[in-house]
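All values reported here derive from a predicted model rather than from experimental measurement. Letters A, B, ... are given to chains in the order of the sequence lines, protein chains preceding strands, and every chain is numbered from 1.
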Protein chains: 2
Amino acid sequence: MDKILSVAIEELMPDPTQPRKSFLDEEIERLAASIRARGILMPLRILRDEERRCWLIATGESRWRAARLAGLKTVPCIVVDGQPDEADLLADRVIENHVRHDLSAMDLARALAKLKLLKKCTSQQLAKELGISGAAITRAEALLSLPEDVQTLVESRAVPESTAYEISRMPDADSQRELAAAVADRRLKRDAVANAVRDRIGKRAVKPKAGRVVCRLGGGLSISISANDALDWTTIIEAIDRIRREARKLSDNGSEVQALARSLRAS
Amino acid sequence: MDKILSVAIEELMPDPTQPRKSFLDEEIERLAASIRARGILMPLRILRDEERRCWLIATGESRWRAARLAGLKTVPCIVVDGQPDEADLLADRVIENHVRHDLSAMDLARALAKLKLLKKCTSQQLAKELGISGAAITRAEALLSLPEDVQTLVESRAVPESTAYEISRMPDADSQRELAAAVADRRLKRDAVANAVRDRIGKRAVKPKAGRVVCRLGGGLSISISANDALDWTTIIEAIDRIRREARKLSDNGSEVQALARSLRAS
DNA sequence: TATTTCCCGGGAAATA
DNA sequence: TATTTCCCGGGAAATA
């Protein structure tokens, strides 16, 4: 049977014949955090390259990068035997890339609550170690506050997890039961539940930070001004003045109107 | 170093001290399909139970169930050494439960297209073998039809995958570029793009150009002017003059910037 | 630090 | 079979 080899980080390299991958730094950092906490659970799958005298990574390149970042010297690997062809390698990578959900929402909620107790840590610390978001922990734990009968509906998937989280924000068990029943009946979906909850508990003032003012001038004509940050009058008026000067100039030149966009981009 | 053991299916059992899991039949069936196609890529992690004289599954219960369904006699396993405590086991299961995205959207698209060629199969057959949805394959492949420069925006994640799919439904490259630029600029999100596309292709009696000029002034600031019909200079300049007068007036009044939209709508 | 909002990835079911 | 619609899971960033 195959052995698991402990291979030095620097003896491994990505397979050059495989499609180039792009890695998000924060994704690798999150994985590195869980490797620091628990090590590499699943061995990489590697191929021998006799010419280069090194190992090529068949699957697990992001684990390799994260392990390096985490300061590991070696990583566990399985040598892929036989002569896998390109289709096999591609198929394996796609399969590995894909999620497997072994835990139900309630299982996850209970596991996280237990972990917090056992490790005596905060939700955020736990999130970091496990490589999941703090928001996910908040939402999972909220499920445990639901009445038993509602939890049963979640367990049976009659009420989806994200809908159940919205329900958990209702202040009393009876309203929660009522909403859960409506969802199980397919009379309400998540977004409708979220709206019902907001009506009840009062909505939060949300202001988008990206500024945007849309001015409808009538007859279908409108001008919208947008920016990455909140807009102020100085920015708005300077912008309008710029576009006005340019429009007059181009109009006098006899340019066509699309030139307005081009000329402002260039300037 | 640890060995990979080939353990008979019936010598394995779920760890009774671990939280009960619920499994979706269709989830297990999908996994079984990929196991039939490519086998079990990642060994299960198991613990010895001396009392019961069998192995307990630490991680990989759904792979075990799927393997049974797929008719395998044995599965590859790694024996977890040492005395992992409950926190370790729970943490490992949560980590394993979690997604790792090794492939970018464009990488996935290219890998799927290549697999279809190599295996000479339909998208649906491929979906089944890989354990992903047919819809995902349709969407991934659509990305390959985008102009190079738009594909580059997707690769760099300036345009999200699902948004890029909506863009790919626009009938011509110029509209696609325009939408992609708006998304990269954060002027449009996915749902707005989807609506724009529906307006354009749903109404098939092609609505020839609603006039629109988008002026990027730099630093994220932009002004767009749009109308139901084609735009001409007179309309543009009159519109700009109106908004300019109003902006100056409201600015002098000390109003907040959103008043600009309201006051023009009223007038 | 914890919670909530926003919105993207992607599966199931409806549709072509 | 392929594509599109609908909507849930869950991360990032805003908010408390």
Can a side-chain donor-acceptor contact be found between Thr152(B) and Asp149(B) if the only test is distance below 3.5 angstrom?
no
For the pair made of CZ in Arg198(B) and P in dA16(C), what is the distance, rounded to whole Å?
13 Å
Distance in angstrom units between Arg157(B) CZ and dG9(C) C1', rounded:
12 Å
Value in whole Å for how far the P atom of dC7(D) lies from CG of Leu188(A)
12 Å
Atom-pair distance (CD1 on Ile137(A); C1' on dG9(D)), nearest Å:
15 Å
Round to the nearest Å and state the distance from Glu166(B) atom CD to dG10(C) atom P.
14 Å
With both distances under 3.5 Å as the test, what is the Watson-Crick or G-U wobble partner of dG10(C)?
dC7(D)
side-chain N/O Ser162(B) vs dG9(C) OP1/OP2, d < 4.0 Å:
yes
Between Arg45(A) and Ile57(A), is there a donor-acceptor pair closer than 3.5 Å when you use the side chain of the first and the backbone of the second?
no
Can you tell me if Ser123(A) and Lys116(A) form a side-chain donor-acceptor pair at under 3.5 Å?
yes
Can you check whether Arg190(B) has a side-chain N or O nearer than 4.0 Å to OP1 or OP2 of dC6(C)?
no
Students often get this wrong, so: under 4.0 angstrom with heavy atoms, is Gln124(B) touching a base, only sugar-phosphate, or nothing?
base
Between dG11(D) (P) and Leu126(A) (CG): distance, integer Å
13 Å
Taking only side-chain nitrogens and oxygens of Tyr165(B), does any of them come within less than 4.0 Å of OP1 or OP2 of dT4(D)?
yes
What is the separation between atom CZ on Arg169(A) and atom P on dA16(D), rounded to the nearest whole Å?
12 Å
Looking at side-chain heavy atoms only, is the closest gap between Val150(B) and Arg177(B) below 4.5 Å?
yes
Specify the residue among Pro160(A) and Glu141(B) whose closest nucleotide of DNA chain D lies further upstream toward the 5′ end.
Glu141(B)
Rounded distance (Å) that lies between atom P of dC6(D) and atom NZ of Lys189(A)
10 Å
Between Arg139(A) and Glu161(A), is any pair of side-chain heavy atoms under 4.5 Å apart?
no
What is the nucleic acid contact for Thr138(B), judged by heavy atoms within less than 4.0 Å: base, sugar-phosphate only, or nothing?
base
With both distances kept under 3.5 Å, what pairs with dT15(D), Watson-Crick or G-U wobble?
dA2(C)
Assuming nearest nucleotide by heavy-atom distance, tell me which of Gln125(B) and Arg139(B) is located more 5' along DNA chain D.
Gln125(B)
Classify Ala136(A) by what it touches in the nucleic acid, base, sugar-phosphate, or nothing, heavy-atom distance under 4.0 Å.
sugar-phosphate
